[in-house]
Colleague: 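Quick one: this structure, given as structure tokens, is what I'll be asking you about.
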Amino acid sequence: MYTCGPTVYDYAHIGNFRAFLFEDLLKRWLKHREFKVLHVMNLTDVDDKTIRGSQKQQIPLKQYTEHYAKAFFEDAKALNIEPADVYPRATEHIPEMVSLIKTLIQKGIAYKGEDNSIYYAINKFPDYGKLSHIRIADLKTGARVKVDEYAKEEAQDFALWKAWASEDGEVFWETELGKGRPGWHIECSAMSMRYLGETFDIHCGGVDNIFPHHENEIAQSEAATGKRFVNYWLHNEHLLVEGKRMAKRYGNYYTLRDLLAKGCDPKAIRYLLLSTHYRQQFNFTFEGLDAAKSAVERLTNLMRRLRDVNGESSGEKLAQLTSQVERCFGEAMDDDLNVNVAFASMFDFVRDVNNLIDANKLTKTEAEQVYSLLTSFDKVLGVVGEVSKEEALSMEAQELISKREEARKAKDWKTADELRQKLKAMGIIVEDTAQGVRWRREKR
Ligand code: AMP
Ligand code: ZN
């Protein structure tokens, strides 16, 4: 599996992380289904944007990109994204790119322009346009584009190798192709095939990558090898802000750091970005983030609660609920990662188990079964993590909470308040919300 990684010219925004989280979910689900996954995610550390950025700051390209690469790894960790197996950097794979371009020249598909850059002749590859559904007949063949990003309407011969120009400053490689640097698209063809072979299974990225980036990757790789490049392409839709794609160029973005600095919980951010199907757009809002936080808490609270359960048997009930949720969750996730249905079935299950516990109808062994099932879901979701024994509510605390509930129902505010104080002394904060009583540990 190859996923286009970050262009390390700035801090990634949470739109970018929507892409990386979707890929993380896909990988976790494949592993859950016992596929062996070899995951390669590149770092684009030389392209038009990184060069421009480093020049603005007047520091060497490497120093500039390393700062953002480090930040990316920190952010990915904060979002509990499982690391890829390999993180190739473009600047460390120039020989592979040169050799691929040489093959394309030998095959008569690439040619040198008057500016000494090397271009890909799109009319030499009959399948050009098959991913993004553009028709080669509609294209201005012969016209050339040297920049990395351009619109579908501007499809034309694109640069594989960009001859050095003064605006590139210190950034160039002296190679058999002349003094210059690679185009963005050849980087991903070379790095993916270096680690995964000429044909591999899965390639992901955001929908904005379909054209020109992935279209050009296919053209480069398939023309060079004569083989199918990728078996399955999966593209995630965009995260929006007020209906518009979250993007650096629109200035309408939040980085993960922005949100963490506001006190947002990384688990809630993770859940929010995962909980809309990857092929659907959705708007980022703080209300949405609050709802995501409650969802994560509902799950976490049940897992904590289960640690202290010791009631009577549920009879057949638990087995029924368990087999139903396992089937629903599994079938939905197998269906192109249908998280809407999968997560809904999981939360129905959470509600039903809470009801069993409220009715004292769950034994310790049954609670352990539920706990291990939820743990297996969370290995895919990655929003709860280890719920330690110490974090579980003691029996005494649970009792105080239910006594306080009784007092509140009887409108005995004085007793209720005393019990709240008692709990506070134990480091437990109780809150009365529209959904009922919630508790949390005081941060010390
Ligand atoms: P970049 O660092 O610009 O190369 O982008 C990294 C990944 O984020 C790519 O897969 C992009 O397609 C994806 N991406 C960029 N903007 C968004 C967005 N607003 N929502 C979802 N994915 C995005
Ligand atoms: Zn790429």
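Just so it is clear, the model here is predicted, and its values are computed rather than measured. Just follow the structure's listing: the first ligand is 1, and inside any ligand the first atom is 1.
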Colleague: May I ask you to identify the nearest protein heavy atom to atom 9 (C) of ligand 1, giving residue, atom name and distance to one decimal place in Å?
Modeller: Asn209 OD1, 3.5 Å
Colleague: Quick check on Cys204 - does any of its heavy atoms sit under 4.0 Å from an atom of ligand 1?
Modeller: no
Colleague: I want to confirm something. Looking only at heavy atoms, which of Val207, Asp208, Asp47 is nearest to atom 12 (O) of ligand 1?
Modeller: Asp208
Colleague: Considering heavy atoms of the protein only, find what lies nearest to atom 17 (C) of ligand 1 and give residue, atom and distance to 0.1 Å.
Modeller: His238 CD2, 3.5 Å
Colleague: Purely on distance, is any nitrogen or oxygen of Arg18 under 3.5 Å from one on ligand 1?
Modeller: no
Colleague: Give the atoms of ligand 1, by number and element, whose distance to some non-hydrogen atom of Leu239 is under 4.0 Å.
Modeller: 18 (C), 19 (N), 20 (N), 21 (C)
Colleague: Could you tell me if Tyr111 and Asp157 have a donor-acceptor pair between their side chains, going purely by distance under 3.5 Å?
Modeller: yes
Colleague: Passes side-chain hydrogen bond (donor to acceptor under 3.5 Å, both in side chains), Asn354 versus Arg298? Steps please.
Modeller: CA-CA 10 Å; Asn354 270 319; Arg298 241 181 299 151; over 6 Å; no
Colleague: Considering the heavy atoms of Glu237, write down every atom of ligand 1 situated less than 4.0 Å from one of them.
Modeller: 21 (C)
Colleague: For atom 1 (P) of ligand 1, what's the nearest protein heavy atom and its distance?
Modeller: Thr7 OG1, 3.7 Å
Colleague: With sequence neighbours left out, write down each residue that passes ring-ring contact (aromatic ring centres under 6.0 Å, His included) with Tyr68, or none if nothing qualifies.
Modeller: Tyr11, Tyr64
Colleague: Return yes when His13 approaches ligand 1 closer than 4.0 angstrom through a heavy atom, no otherwise.
Modeller: yes
Colleague: I want to confirm something. Looking only at heavy atoms, which of Ala19, Gly15, Gly206 is nearest to atom 23 (C) of ligand 1?
Modeller: Gly15
Colleague: Would you say the side-chain atoms of Glu217 and His213 include a donor-acceptor pair closer than 3.5 Å?
Modeller: yes
Colleague: Are Arg307 and Tyr371 in a cation-pi contact, defined as NZ or CZ under 6.0 Å from the six-membered ring centre and within 45° of the axis?
Modeller: yes
Colleague: Aromatic contact between Tyr128 and Phe125, with the criterion being ring centroids under 6.0 Å apart: yes or no?
Modeller: no
Colleague: When the aromatic ring centroids of Tyr195 and Tyr2 are compared, is their separation below 6.0 Å?
Modeller: no
Colleague: Taking the six-membered ring where the residue is Trp, are the ring centres of Tyr119 and Phe158 under 6.0 Å apart?
Modeller: no
Colleague: May I ask you to check whether Thr65 and Thr50 show a side-chain donor-acceptor distance below 3.5 Å?
Modeller: no
Colleague: Distance to 0.1 Å, residue and atom name: give those for the protein heavy atom nearest to atom 19 (N) of ligand 1.
Modeller: Met246 O, 2.9 Å
Colleague: Can you sort out which atoms of ligand 1 are near Asn236, meaning under 4.0 Å from one of its heavy atoms?
Modeller: 21 (C), 22 (N)
Colleague: When you compare ligand 1 with Pro6, is there at least one nitrogen or oxygen pair between them that comes in under 3.5 angstrom?
Modeller: no
Colleague: Hey, which atoms in ligand 1 end up nearer than 4.0 Å to a heavy atom of Gly205?
Modeller: 10 (O)
Colleague: What protein N/O/S atoms sit under 2.8 Å from the Zn ion (ligand 2), by chain and number?
Modeller: Cys4 SG, Cys188 SG, His213 NE2
Colleague: Would you find a donor on one side and an acceptor on the other, under 3.5 Å apart, between the side chain of Asn236 and the backbone of Tyr278?
Modeller: no
Colleague: To the closest 0.5 Å, what do you measure between NE2 (His203) and CG (Leu131)?
Modeller: 9.5 Å
Colleague: So, regarding Glu23 and ligand 1 (criterion: nitrogen or oxygen to nitrogen or oxygen, under 3.5 Å), is there a contact or not?
Modeller: no
Colleague: Taking everything shown except Lys77 itself, do over 12 heavy atoms lie less than 6.0 Å from its NZ?
Modeller: no
Colleague: Number the atoms of ligand 1 from 1 as they appear, then name those within less than 4.0 Å of a heavy atom of Gly5, with their elements.
Modeller: 4 (O)
Colleague: Looking at ligand 1, would Phe17 count as a contact under a 4.0 Å heavy-atom criterion?
Modeller: no
Colleague: Among side-chain atoms of Thr225 and Glu198, is any donor-acceptor pair under 3.5 angstrom?
Modeller: no
Colleague: Is there a polar contact, in the sense of an N or O pair closer than 3.5 Å, between Asn16 and ligand 1?
Modeller: yes
Colleague: Could you tell me if Lys179 sits above the aromatic ring of Phe172, with its cationic atom closer than 6.0 Å to the ring centre and no more than 45 degrees from the axis?
Modeller: yes
Colleague: May I ask you to check whether over 12 heavy atoms, not counting those of Lys70, lie within 6.0 Å of atom NZ?
Modeller: no
Colleague: Would you mind checking which non-hydrogen protein atom is closest to atom 16 (N) of ligand 1, with the distance to 0.1 Å?
Modeller: Arg245 NH2, 3.4 Å
